[in-house]
There are 2 protein chains.
Amino acid sequence: MTSPPKGKVSLQDVAKEAGVSVSTVSRALSFPDRISKKTREKVLRIAQELGYHPNIAARNLRLGHSRTILAVMPNHKGSIISTVAGEAIAGIQKYISTQGYALSVVTTDFTTATSNHALDLVFGRQVSGVILFAAQPPASDGRDMLDAGLPMVSLTEDLAHLGIRSVVSSDRQSMIEAVGRLADLGHERFAFISGPPNSYHSTQREAGVRSGLLQRFGTDAGLTKIVADFSVDTGVSAAHQYLALTDRPSAVISWADEVALGFQSTVMTAGLSIPRDLSLISFDGLHALRFLRPSISTYDQSPGRLGGFAAQLLVEEIETGTPPEARLIEIPAAFRPGDSLAPPR
Amino acid sequence: MTSPPKGKVSLQDVAKEAGVSVSTVSRALSFPDRISKKTREKVLRIAQELGYHPNIAARNLRLGHSRTILAVMPNHKGSIISTVAGEAIAGIQKYISTQGYALSVVTTDFTTATSNHALDLVFGRQVSGVILFAAQPPASDGRDMLDAGLPMVSLTEDLAHLGIRSVVSSDRQSMIEAVGRLADLGHERFAFISGPPNSYHSTQREAGVRSGLLQRFGTDAGLTKIVADFSVDTGVSAAHQYLALTDRPSAVISWADEVALGFQSTVMTAGLSIPRDLSLISFDGLHALRFLRPSISTYDQSPGRLGGFAAQLLVEEIETGTPPEARLIEIPAAFRPGDSLAPPR
DNA sequence: TTGTACGCGTTATCAG
DNA sequence: CTGATAACGCGTACAA
């Protein structure tokens with residue numbers, strides 16, 4: 001019989017067919033140079049013919065590790081993964097596959113059920129490291145992902161205070177620069193549309209805006225703050241709040257692209273013109289923004305690049321066993337100009 | 001010692017601590033009712049205290065399967081995962097996690113390197129089933145994912161001719177309906193912006209448009225066809241071709257949202273008004289389209305829903321061991337009206 | 001250079 | 001109801 005028996009052929013099968021021992025086959029595959037050319041070629045040929053593939057579970061069990069990294073992605077309100085999450089996944093995968101690592105993905109809304117799933121994987125020693133794309137490590141029923149003692153790096157969120165190395169985009173610096181750009185155009189009155197109060201990024205970006213204001217004007221007292229959320233819908237309500245203002249700021253900075261989307265759409269429906277009546281800068285680098293009319297200027301944090309970088313850090317830690325010296329790595333976001341910028345009227 | 005020794009506690013550790021045998025512990029965990037209440041409670045308590053978690057690799061090895069499903073996602077030109085892929089992943093994950101399955105994700109550009117990665121996973125018996133989000137199963141070096149003999153279902157692409165069950169959106173039916181809507185408004189001259197010639201979806205959607213035309217007008221001869229691609233950029237060039245037409249069709253149907261994005265942006269820049277000068281319908285359900293001005297009418301194929309459905313099919317096949325009776329399952333896409341529709345001038 | 005033997009942590013079979 | 005034991009497939013120390 002030359003055809004693989006039911007698709008399950010083990011080292012032993014190859015050994016039998018080649019008339020050698022299991023360990024010889026194992027070595028022929030793992031250390032080709034520690035074996036005589038003749039038997040090596042024979043073994044390799046037969047393995048090929050029989051369609052041998054190592055059983056990864058057995059290998060993992062023996063080796064005690066899996067060379068698999070787990071990406072924990074958020075799944076707010078049971079709905080969609082954002083496009084930035086998708087890009088981050090692609091960036092992670094791209095890097096780790098060059099290092100012989102595999103990727104598992106779990107989405108969680110941080111309820112007990114979905115958290116447990118992630119925790120099972122981690123405590124089941126099924127993963128070698130974790131990339132956390134979330135505001136905190138999943139925990140439930142008294143177990144916490146932190147306790148698994150696994151290499152872990154946080155992506156886009158600063159979790160350094162938990163001892164987790166974090167790769168984030170340079171929120172503050174970008175916003176300082178954004179204020180500078182608008183000020184250069186002549187703007188003096190600013191509004192900032194924030195996210196929810198507990199959002200790390202929103203906080204950082206607001207701080208950046210205020211820093212920029214201070215640097216430029218010596219005070220941030222004039223800043224109008226409007227609170228929104230993640231969603232496009234809150235961008236709409238932010239627009240209504242903006243429209244209700246008696247003295248509308250000519251420069252608007254939105255903390256996130258989705259929000260800017262709803263904001264722009266709404267103020268334009270109300271009859272305002274961008275950038276004639278107001279200038280708008282946002283943050284995220286959402287692809288679609290480029291094709292709005294007018295297109296919105298944004299800071300592109302290239303999630304794929306961030307993800308790849310985080311993956312690199314993680315793999316290094318796994319391979320070298322370096323202790324997790326927590327620190328924060330800031331990757332600059334790239335300004336992507338749009339048509340939403342002009343001097344004030 | 002009450003604290004877990006280095007985070008690696010096995011059945012044996014629990015057994016020793018509880019003064020029972022390994023098999024008793026195993027049963028206490030797997031079949032709580034086949035064991036005396038007293039020892040059960042004791043074992044469970046100690047397992048909890050010690051922080052025991054089953055080693056999944058060992059279990060998989062013993063059981064011969066992994067309850068892990070692999071999602072193969074495309075990664076064209078080394079760039080981003082599309083937003084529809086991200087939503088599909090979320091939909092898959094959401095369903096399978098309720099069934100006790102885990103998700104692995106691999107992105108591939110169908111080069112040898114990345115294909116091999118996917119193939120290793122599959123032939124390494126590390127996965128119980130595959131969801132294919134691609135135009136064909138990965139193959140390289142003479143091995144083909146099909147030969148792994150694994151349950152497999154195709155998502156968004158019709159691979160029934162390869163014996164793979166396929167879950168797709170109802171391209172044809174939606175496009176027939178789209179033509180009907182436009183015709184109801186009074187439109188008589190139509191343009192279709194297609195994707196690349198080898199795209200299954202583009203072909204299907206064009207066929208749908210032609211069917212609709214035939215049903216309504218008895219002929220599809222008047223259809224203007226403009227060839228584009230996946231990208232927004234080709235939507236821009238499609239617009240230029242459209243603008244160059246001497247007698248521009250008043251109804252434009254785009255095969256994909258990204259393309260429609262570029263198209264709309266460009267024709268409006270050229271001074272045309274939508275929907276006054278032309279009506280536009282597209283396909284995909286891209287979230288951002290809702291917030292364009294005007295918003296573009298589109299057919300939403302809800303990738304999350306599709307993904308969940310595909311996952312359900314796959315899990316059923318895995319559990320029941322049903323032979324893969326190949327067939328095509330069409331899920332209707334939902335029409336999402338926008339401001340891009342009006343009677344012709 | 002090659003073969004033998006053991007153990008990784010589980011689950012399942014079979015006695016008791 | 002419980003315990004001893006085998007087996008899943010692999011990698012490796014040790015012996016030949």
Side-chain angles (χ1 to χ4, degrees), chain A residues 4-44 46-47 50-67 100 120-121 123-128, chain B residues 4-44 46-47 50-68 100 120-121 123-126 128:
Chain A
K6 279 279 184 183
K8 290 183 173 247
V9 23
S10 70
L11 272 189
Q12 190 154 184
D13 299 323
V14 179
K16 204 170 295 173
E17 187 74 14
V20 297
S21 77
V22 228
S23 41
T24 300
V25 181
S26 176
R27 271 185 296 251
L29 265 21
S30 302
F31 311 99
D33 44 339
R34 289 191 203 167
I35 219 162
S36 83
K37 186 181 177 188
K38 188 172 176 182
T39 52
R40 176 179 63 231
E41 284 174 351
K42 182 175 184 185
V43 167
L44 258 34
I46 292 188
L50 258 41
Y52 168 76
H53 295 274
N55 182 315
I56 302 184
R59 172 183 286 166
N60 288 351
L61 176 59
R62 174 67 233 242
L63 260 28
H65 66 251
S66 62
R67 292 181 79 84
D120 288 344
L121 253 35
F123 284 102
R125 301 167 206 73
Q126 201 56 343
V127 312
S128 300
Chain B
K6 279 281 184 181
K8 293 184 174 248
V9 25
S10 70
L11 271 189
Q12 190 153 183
D13 299 323
V14 179
K16 203 170 295 174
E17 186 75 15
V20 297
S21 76
V22 222
S23 31
T24 301
V25 180
S26 176
R27 268 186 298 250
L29 265 19
S30 302
F31 310 99
D33 44 339
R34 290 191 203 167
I35 218 165
S36 84
K37 186 180 176 188
K38 188 171 176 182
T39 52
R40 176 179 63 231
E41 284 173 351
K42 183 175 183 184
V43 167
L44 258 34
I46 292 187
L50 257 43
Y52 168 77
H53 295 274
N55 181 314
I56 302 184
R59 172 183 287 166
N60 289 350
L61 175 59
R62 176 65 232 239
L63 260 30
H65 65 251
S66 61
R67 292 181 79 85
T68 292
D120 288 344
L121 254 35
F123 283 104
R125 301 170 206 73
Q126 201 56 342
S128 300

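Letters A, B, ... mirror the listed sequences (proteins, then strands); counts begin at 1.
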Identify the heavy atoms of B:Val9 and B:Gly51 that sit nearest to each other, and give their distance.
CG1-O, 3.4 Å
Both B:Ile35 and A:Ser10 contact DNA chain D. Which one's nearest nucleotide lies toward the 5' end?
B:Ile35
Side chain of B:Pro54, heavy atoms from C-beta onward: which of C:dT2, C:dT10, C:dC14 has the nearest atom to it?
C:dT10
Considering every strand and a 4.0 Å limit on heavy-atom distances, what is the contact class for A:Val22: base, sugar-phosphate, or nothing?
nothing
A:Arg27 (side chain) and C:dG3 (base): donor-acceptor pair under 3.5 Å
yes
Any side-chain heavy atom of B:Thr68 sitting closer than 4.5 Å to one from A:Gln126?
no
Identify the heavy atoms of A:Val43 and A:Val14 that sit nearest to each other, and give their distance.
O-CG1, 4.2 Å
Heavy-atom neighbours of A:Gln12 CD exceed 12 at 6.0 Å
no
Residues of residues 57-67 of chain A with a heavy atom under 4.0 Å from any atom of DNA chain D, listed by number, are A:Ala58, A:Arg59, A:Arg62, A:Leu63
Is there a donor-acceptor pair closer than 3.5 Å between any side-chain N or O of B:Ser26 and the backbone N or O of B:Val22?
no
Is there a side-chain polar atom (N or O) of A:Thr24 under 4.0 Å from OP1 or OP2 of C:dG3?
yes
Select base, sugar-phosphate, or nothing to describe what B:Ser23 touches, counting heavy atoms under 4.0 Å on all strands.
base
Identify the 5'-most and 3'-most nucleotides of DNA chain D with at least one atom closer than 4.0 Å to a non-hydrogen atom of chain B.
D:dC1 to D:dG9
Over all strands shown, is A:Ser26 touching base, sugar-phosphate only, or nothing at heavy-atom distances under 4.0 angstrom?
base
A:Val20 side chain near A:Lys42 side chain, heavy-atom distance below 4.5 Å:
no
A:Lys42 atom NZ is separated from C:dT1 atom C1', nearest whole Å, by 15 Å
Which pair of heavy atoms, one from A:Leu61 and one from B:Asn55, lies closest together, and at what distance?
CD1-ND2, 4.3 Å
Rounded to the nearest angstrom, tell me the gap between atom CG in B:Asp13 and atom P in C:dC8.
10 Å
Do A:Leu11 and A:Leu29 make a side-chain contact, defined as non-hydrogen atoms from C-beta onward lying under 4.5 Å apart?
yes
Taking only side-chain nitrogens and oxygens of A:Thr39, does any of them come within less than 4.0 Å of OP1 or OP2 of C:dT2?
yes
With a non-hydrogen cut-off below 4.0 angstrom, is B:Leu11 in contact with a base, only sugar-phosphate, or nothing?
base
Taking only residues two or more places apart in sequence or in another chain, which ones pass salt bridge (Lys or Arg N to Asp or Glu O under 4.0 Å) with A:Arg67?
A:Glu319
Length of the CZ-C1' vector between A:Arg34 and C:dG3, whole Å
16 Å
